[in-house]
Amino acid sequence: LQVLQTQSAYPVFLHSEHGEDRTGLIVGLYRVFVQKWSADQAYKEMRALGFHRLLINLDHYYKQKTGYRGE
């Protein structure tokens, strides 16, 4: 998240194998901690764009970091 907030690092490209799970996690955390979205709103966007809750470690990490208790 620190790199995403560092203008001198731009452009920053995020991508994982399918561009849904690890990328979605980082973007979701960015939405919450930098753009001040609610954890619920960011999680819903992650899910809508292909984030898979079955990747339990990624899902747990998001919930742990943001305090999200939904789904």
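Here the structure is a predicted model, which is why all the values come from computation and not from measurement.
Residues forming a side chain to side chain donor-acceptor pair (under 3.5 Å) with Tyr43 (at least two apart in sequence, or on another chain): Asp59. Listed by chain and number, the residues in a ring-ring contact (aromatic ring centres under 6.0 Å, His included) with Phe51 amount to none (sequence neighbours excluded). For His60, there are no side chain to side chain donor-acceptor pair (under 3.5 Å) partners, not counting sequence neighbours. In this view, Ile26 and Leu4, Leu14 satisfy the side-chain contact (heavy atoms from CB on, under 4.5 Å) rule, not counting sequence neighbours. In this structure, the side chain to side chain donor-acceptor pair (under 3.5 Å) partners of Lys44, at least two apart in sequence or on a different chain, are Asp40. With sequence neighbours excluded, the residues satisfying side chain to side chain donor-acceptor pair (under 3.5 Å) with Gln35 are Arg31.
To the nearest 0.5 angstrom, Asp21 atom CG is 4.5 Å from Leu55 atom CG. We find the CZ-CZ distance between Arg53 and Arg47 to be 4.5 Å, quoted to the nearest 0.5 Å.
The cluster map of Ile, Leu, Val, Met, Phe, Trp and Tyr, joined by side-chain heavy atoms under 4.5 Å apart, puts Val12 and Tyr30 in the same cluster. Cluster annotation: Met46 and Trp37 are assigned to distinct hydrophobic clusters (Ile/Leu/Val/Met/Phe/Trp/Tyr, side-chain heavy-atom contacts under 4.5 Å, transitive).
Considering every non-hydrogen atom in both Ala42 and Tyr62, the closest pair reads CB-OH, 3.4 Å.
Taking the side chain as every heavy atom from C-beta outward, Tyr68 and Val32 never approach each other to under 4.5 Å.
Judged by distance alone, the side chain of Gln5 and the main-chain N or O of Leu1 form a donor-acceptor pair under 3.5 Å. With hydrogens and angles ignored, the 3.5 Å screen pairs no side-chain donor or acceptor of Thr6 with any backbone N or O of Ala9.
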